[in-house]
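Let me begin by presenting the structure, written as structure tokens, before commenting on it.
Quick note on labels: first sequence line is chain A, next is B, and so on, each numbered from 1.
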There are 2 protein chains.
Amino acid sequence: MGKKHKDGKKSKSKKKDQTEYTLVDLSPALTQAARSMRTVLSRNLFESGLYAGQDGVILSLAESDGMTAGGLAQKLGVKAPTMTRTIGRMEAQGFLERKPDAEDARLTKVYLTALGRDSVRAIEMAASACDRLATQEFSEKEIRNLVRLLKAIDANLQAEAHAIEEPDED
Amino acid sequence: MGKKHKDGKKSKSKKKDQTEYTLVDLSPALTQAARSMRTVLSRNLFESGLYAGQDGVILSLAESDGMTAGGLAQKLGVKAPTMTRTIGRMEAQGFLERKPDAEDARLTKVYLTALGRDSVRAIEMAASACDRLATQEFSEKEIRNLVRLLKAIDANLQAEAHAIEEPDED
DNA sequence: TCTTTTAATTAAACAGTTTAAGGGCTGCGC
DNA sequence: GCGCAGCCCTTAAACTGTTTAATTAAAAGA
């Protein structure tokens, strides 16, 4: 139900100042889609012994092995303790290993193990299977546009997210 | 780095059976965008005392007050215990209240309180602010397409998600 | 009436996340 | 050289979100 609303749903606006906000329904749609994606993806990943959220670490490392914990955290958009925990779990699972940097002993560098490297393909296949399922009847162009817009959204939002953190210096 | 890859990144394929999977990079893009969205949204929602994830409950109720706990769970794509917990927390916060159904005592119906109804506008504004921020330089058409595709993705994925649950009857 | 089914809850467990605090190491100024 | 400031990672504590399995309660049906 409700497939026809163009800008209905906003009809209950109380005529206050209103700020004239145009409802685009983006956030719920994005949230829902991402939730579904995560559900399916984690099911696909399960056989590999991976949880959704760990795949990003492996793919990042596959692209550039030996990243630091902090670098991974930043790249994946989580805080350092989260990454420490994730890495610890994945190390226990045998997907990767930590080594102190030879030059700067403060740094912890993270490397894929053989198992980790093996799982790269599994992850890529799971992800692409999921992607294909999700975009079944989409055209190539639609998919490209979609990904482009998604990345733009992320960039826009991250700029703001960081903009809020920075200027705090009373 | 890596802004130019069209279908590079796949170049490391080992020439195995390959299954010919075309990498569209959708899932990471979607995941990242959703994560950023959630971060910004929960910041916007924070003043209302809401956490991201609770907004869906209030909006659903705003659209159709008196839904059952199970109905909410299904609509929002979570399992019943999650909804029980969320509802419990939100009831404690004063946003909604539970009432047993008069006709079928098994059912728990959920209603918005005055506070809950007040927060609807705050949520809508937070969401639309977030949406506008995310889609700053997008055209109307791009946004519409984006939302349409996102919903289609959700539909595609949910169909699969359920398809896996059902046919299990040995 | 008794059994089966359905709805919600509770319990136990775990992933992911955060902030705050701790610890080791670098590097720079003195 | 020494010491202190700062950086990077980790630990600790707390909370949300999530799941499966077991429990309780009520309706529906045989």
Side-chain angles (χ1 to χ4, degrees), chain A residues 31-32 34-43 45-46 49-57 66-93 95-110 161 164-165 168, chain B residues 31-32 34-43 45-46 49-57 66-93 97-110 161 164-165 168:
Chain A
T31 302
Q32 277 298 113
R35 184 202 304 279
S36 298
M37 177 72 84
R38 181 171 147 281
T39 301
V40 173
L41 196 50
S42 61
R43 180 144 41 200
L45 249 27
F46 188 74
L50 285 163
Y51 299 99
Q54 300 185 331
D55 58 334
V57 178
M67 291 182 73
T68 64
L72 280 168
Q74 189 179 353
K75 172 158 188 180
L76 298 177
V78 300
K79 291 296 193 304
T82 305
M83 193 44 64
T84 295
R85 197 167 186 165
T86 299
I87 291 174
R89 197 154 16 225
M90 293 177 72
E91 189 172 30
Q93 290 172 286
F95 290 112
L96 43 82
E97 58 186 344
R98 268 183 272 224
K99 288 182 190 166
D101 184 60
E103 310 210 337
D104 188 338
R106 288 172 303 183
L107 304 181
T108 298
K109 295 204 163 179
V110 185
I164 296 181
E165 281 177 28
D168 172 46
Chain B
T31 302
Q32 276 298 114
R35 185 202 302 280
S36 299
M37 177 72 87
R38 181 171 147 281
T39 301
V40 172
L41 195 51
S42 60
R43 182 145 42 201
L45 248 28
F46 188 74
L50 285 162
Y51 300 97
Q54 299 185 332
D55 58 334
V57 178
M67 291 181 73
T68 64
L72 280 168
Q74 188 178 354
K75 173 159 188 179
L76 298 177
V78 299
K79 291 297 195 305
T82 303
M83 193 44 64
T84 295
R85 198 168 184 166
T86 299
I87 290 174
R89 198 155 15 224
M90 292 177 74
E91 187 171 32
Q93 290 172 284
E97 58 185 345
R98 269 182 271 225
K99 288 183 190 168
D101 185 61
E103 309 209 337
D104 187 338
R106 287 173 304 181
L107 304 181
T108 298
K109 294 203 163 180
V110 185
I164 295 181
E165 281 178 27
D168 171 47

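Counting to the nearest Å, the P atom of D:dT11 and the CE atom of A:M83 are 15 Å from each other. Atom CZ of A:R89 and atom P of D:dT10 are 14 Å apart (whole Å). B:Y51 has its OH atom 9 Å from the P atom of D:dC15, to the nearest Å. In this structure, the CD atom of B:E91 is 9 Å from the P atom of C:dT9, given to the nearest Å. The distance from atom CG of B:L76 to atom P of D:dG17 is 12 Å, rounded to the nearest whole Å. If you measure from atom NZ of A:K79 to atom C1' of D:dA13, you get 17 Å, rounded to the nearest angstrom. One interatomic measurement links the two molecules: CZ of B:R35 to P of C:dA15, which rounds to 16 Å at whole-angstrom precision. One can place CD of B:E103 at 15 Å from P of C:dA7, the figure rounded to the nearest angstrom.
Close to C:dT18, at under 4.0 Å from its OP1 or OP2, lies a side-chain N or O of A:T82. Of the side-chain N and O atoms in A:T108, none sit less than 4.0 angstrom from OP1 or OP2 of D:dC8. Within the structure, every side-chain polar atom (N or O) of B:R106 is placed at least 4.0 Å from both OP1 and OP2 of C:dT5. For the pair B:R85 and D:dG17, the criterion of a side-chain N or O lying under 4.0 Å from OP1 or OP2 is not met. Look at A:T84 and you'll find a side-chain N or O under 4.0 angstrom from OP1 or OP2 of D:dT10. The phosphate of D:dT10 (OP1 or OP2) has a side-chain N or O of A:R98 nearer than 4.0 angstrom.
Each of B:G77 and A:G70 was assigned the nucleotide of DNA chain D with the nearest heavy atom; the assignment lying further toward the 5' end belongs to A:G70. Residues A:D104 and A:P81 both approach DNA chain C. Their nearest nucleotides, taken by heavy-atom distance, put A:P81 toward the 5′ side.
No engagement by A:Q74 is indicated, since no non-hydrogen atom pair under 4.0 Å with the nucleic acid exists. As judged by a 4.0 angstrom heavy-atom cut-off over every strand, A:A69 is placed among residues touching the sugar-phosphate backbone only. No engagement by A:R38 is indicated, since no non-hydrogen atom pair under 4.0 Å with the nucleic acid exists.
At least one side-chain heavy atom of B:E91 sits less than 4.5 Å from a side-chain heavy atom of B:R98. At least one side-chain heavy atom of B:K99 sits less than 4.5 Å from a side-chain heavy atom of B:E97.
Here the shortest heavy-atom pairing between A:Q54 and A:Q93 reads NE2-OE1, 3.0 Å.
The neighbour count for B:R35 CZ, taken as heavy atoms of other residues, nucleotides or ligands under 6.0 Å away, is above 12. In this structure, A:Q74 places its CD atom where only 12 or fewer heavy-atom neighbours from other residues, nucleotides or ligands lie under 6.0 Å away.
The side chain of B:A105 sits closest to D:dA27 out of D:dA27, D:dA21, C:dA15.
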